[in-house]
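Note sheet for the following structure.
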2 protein chains.
Amino acid sequence: MKYVDKLRNSGLRPTKQRLQICEVLFNTEKTYHFTINDLALKIKNQLNNKISLATVYNTVHAFEKKGYLKQIPINSNQTYFDTNISDHHHFYDLKEEKLIDLENSDVGPINILKKINGKKIKSVEVLVKLED
Amino acid sequence: MKYVDKLRNSGLRPTKQRLQICEVLFNTEKTYHFTINDLALKIKNQLNNKISLATVYNTVHAFEKKGYLKQIPINSNQTYFDTNISDHHHFYDLKEEKLIDLENSDVGPINILKKINGKKIKSVEVLVKLED
DNA sequence: ACACTTTTTTAGAATCATTATAAACTACCA
DNA sequence: TGGTAGTTTATAATGATTCTAAAAAAGTGT
Ligand SMILES: [Mn+2]
Ligand SMILES: [Mn+2]
Ligand SMILES: [Zn+2]
Ligand SMILES: [Zn+2]
């Protein structure tokens with residue numbers, strides 16, 4: 001099992017549920033932008049066993065804390081997550097309500113000139129909203 | 001009353017509640033970044049009459065639709081609004097949970113190189129997360 | 001394998017921001 | 001002033017997320 005070590009190394013027990021969620025989330029080249037609801041549906045369709053919604057929440061949060069997922073700041077009633085944990089930016093298609101990756105090279109360097117005393121920059125994220 | 005025309009010109013009747021909310025929101029030079037809860041508290045403290053929570057929601061959404069407020073995309077369980085409707089960016093102080101304006105000149109031009117077929121850019125927003 | 005501890009899963013309840021409802025109220029216009 | 005459309009309000013409903021606590025599973029040592 002390719003995800004057993006990943007989980008063990010993070011101090012997370014490689015349970016059946018976590019391994020299956022790993023398969024759904026990470027067993028592809030493509031970035032997956034999702035809400036908990038998206039993921040729960042995907043699990044229901046891809047797997048023949050059920051994982052409780054509480055476990056989906058628990059697992060996503062555990063993975064986020066370990067740095068295997070990140071949250072994307074967006075105005076929505078649902079929280080969006082991203083399997084692409086590299087520093088990168090996003091298009092947000094307002095009509096489709098879908099995120100699209102923008103590589104750093106698609107945006108160019110962003111230089112923040114203003115400084116706030118005693119604070120340091122943790123991340124710089126660009127959100128480009130798209131309309132038709 | 002300085003806000004009567006503003007409201008009339010937008011097709012919004014200048015009710016007592018809306019005028020009072022205008023005072024709280026716009027009667028200052030400073031940008032106000034707020035959640036509905038922030039605003040409801042400010043109203044309770046500044047005014048000696050009560051405005052129902054439903055009206056606060058209704059009014060904020062009406063003002064947003066008319067372009068007098070904008071929403072700031074951020075990961076929070078509450079929606080953040082901004083009285084500064086110009087194109088500008090934000091620091092987000094993770095500890096204080098407060099937004100700080102970044103003028104466009106504090107960030108420099110952002111050039112989005114990637115194009116999506118049939119879509120056009122509606123906005124470009126930068127969120128800079130700050131930690132201690 | 002067994003006993004024991006710790007972590008995890010789970011169904012269901014609780015929370016809480018937000019939206020919907022519908023009746024009372026108000027602004028506006030003829 | 002009367003009529004009408006728009007607005008406010010208390011309250012209920014919704015829905016994403018978190019909490020609870022009991023059952024199940026995983027890890028550890030023997
Ligand atoms: Mn959110
Ligand atoms: Mn939000
Ligand atoms: Zn992404
Ligand atoms: Zn601002």
Side-chain angles (χ1 to χ4, degrees), chain A residues 1 3-25 33-44 47-66 68-69 71-81 97, chain B residues 1 3-25 33-44 47-66 68-69 71-81 97:
Chain A
M1 294 300 174
Y3 298 113
V4 171
D5 292 338
K6 178 176 181 157
L7 291 172
R8 280 239 173 74
N9 293 337
S10 314
L12 297 173
R13 290 183 180 176
T15 63
K16 179 177 149 205
Q17 290 85 348
R18 284 176 178 159
L19 289 168
Q20 288 184 324
I21 293 174
C22 279
E23 293 286 338
V24 173
L25 287 177
H33 298 114
F34 64 98
T35 64
I36 297 286
N37 188 52
D38 293 334
L39 177 57
L41 286 173
K42 204 171 186 199
I43 286 169
K44 186 150 65 173
L47 272 42
N48 39 27
N49 59 308
K50 179 177 179 289
I51 297 179
S52 86
L53 187 58
T55 298
V56 179
Y57 273 96
N58 289 341
T59 302
V60 166
H61 287 134
F63 287 1
E64 188 204 4
K65 185 172 288 182
K66 296 301 180 180
Y68 302 137
L69 291 173
Q71 257 185 271
I72 306 300
I74 213 172
N75 284 125
S76 167
N77 55 329
Q78 302 189 114
T79 303
Y80 277 75
F81 294 89
E97 295 187 322
Chain B
M1 296 303 171
Y3 298 113
V4 171
D5 292 338
K6 176 174 181 157
L7 291 172
R8 280 237 174 73
N9 293 337
S10 315
L12 297 173
R13 290 185 180 173
T15 63
K16 177 177 150 207
Q17 290 86 346
R18 283 176 179 158
L19 289 168
Q20 289 184 322
I21 293 174
C22 278
E23 294 285 339
V24 173
L25 287 178
H33 298 113
F34 65 97
T35 64
I36 297 286
N37 188 54
D38 293 333
L39 177 57
L41 285 173
K42 204 171 186 198
I43 287 169
K44 185 150 66 171
L47 272 42
N48 39 27
N49 59 310
K50 178 176 180 291
I51 297 179
S52 86
L53 187 58
T55 298
V56 179
Y57 272 96
N58 289 341
T59 302
V60 166
H61 286 135
F63 288 0
E64 189 203 3
K65 186 173 286 182
K66 296 301 180 182
Y68 302 136
L69 290 173
Q71 258 186 267
I72 305 300
I74 213 171
N75 283 124
S76 167
N77 54 327
Q78 295 178 227
T79 303
Y80 276 76
F81 295 89
E97 295 188 324

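Bear in mind the structure is a predicted one, so any value in this text is a computation, not a measurement. In what follows, chains carry the letters A, B, and so on, assigned in the order in which the sequence lines appear, proteins first and then strands, with residues in each chain numbered from 1.
When distances are taken from the side chain of A/Q78 to each of D/dA10, C/dA11, D/dT17, the shortest belongs to D/dT17. Of the candidate nucleotides D/dT18, C/dA17, D/dA16, D/dT18 has the atom lying nearest to any side-chain atom of A/H61.
Rounded to whole angstrom, the span from the CG atom of A/L47 across to the P atom of C/dT9 amounts to 14 Å. In this structure, the CG atom of A/N77 is 18 Å from the P atom of C/dC16, given to the nearest Å. Whole-Å rounding puts the B/N49 CG to C/dC25 P distance at 17 Å.
Remark: A/S52, A/A54, A/T55, A/N58 in residues 52-59 of chain A come within less than 4.0 Å of DNA chain C through at least one heavy atom. DNA chain D lies under 4.0 Å from no heavy atom of any residue of residues 33-40 of chain B.
Atom CG of A/L69 sits about 10.0 Å away from atom NE2 of A/H61, to the nearest 0.5 Å. B/R18 contributes atom CZ, which lies 7.0 Å from atom CG of B/L7 (distance to the nearest 0.5 angstrom). Between B/N77 atom CG and A/N77 atom CG the span is 12.5 Å, to the nearest 0.5 Å. Distance check: B/T79 OG1 to B/I36 CD1 gives 7.5 Å after rounding to the nearest 0.5 Å. The NZ atom of B/K44 sits 10.0 Å away from the CG atom of B/L53 when rounded to the nearest 0.5 Å.
With sequence neighbours left out, A/F81 forms a ring-ring contact (aromatic ring centres under 6.0 Å, His included) with A/F34. In this view, B/T55 and B/Q17, B/I51, B/S52, B/T59 satisfy the side chain to side chain contact (heavy atoms under 4.5 Å, CB included) rule, not counting sequence neighbours. By the side chain to side chain donor-acceptor pair (under 3.5 Å) test, B/N49 pairs with B/Q20, sequence neighbours left out. Every residue meeting the side chain to side chain contact (heavy atoms under 4.5 Å, CB included) condition with B/K66, not counting sequence neighbours, appears here in chain and number order: B/S10, B/L12, B/Y68. Residues passing the side chain to side chain contact (heavy atoms under 4.5 Å, CB included) test with A/T35, sequence neighbours excluded: A/N37, A/D38, A/Q78, A/Y80. Among residues two or more places apart in sequence or in another chain, the side chain to side chain contact (heavy atoms under 4.5 Å, CB included) test is passed with A/K65 by none.
Taking five base pairs at each end of the helix from C/dA1-D/dT30 to C/dA30-D/dT1 and finding the rotation axis that steps the C1' atoms of four pairs onto the next four gives two axes whose angle is 30°, to the nearest 10°.
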What does the list of N/O pairs under 3.5 Å between the protein and nucleotides 26-30 of chain D look like, with a distance for each?
| from | atom 1 | to | atom 2 | distance (Å) |
| --- | --- | --- | --- | --- |
| D/dA26 | N3 | A/R13 | NH1 | 3.2 |
| D/dG27 | OP1 | A/R8 | NH2 | 3.3 |

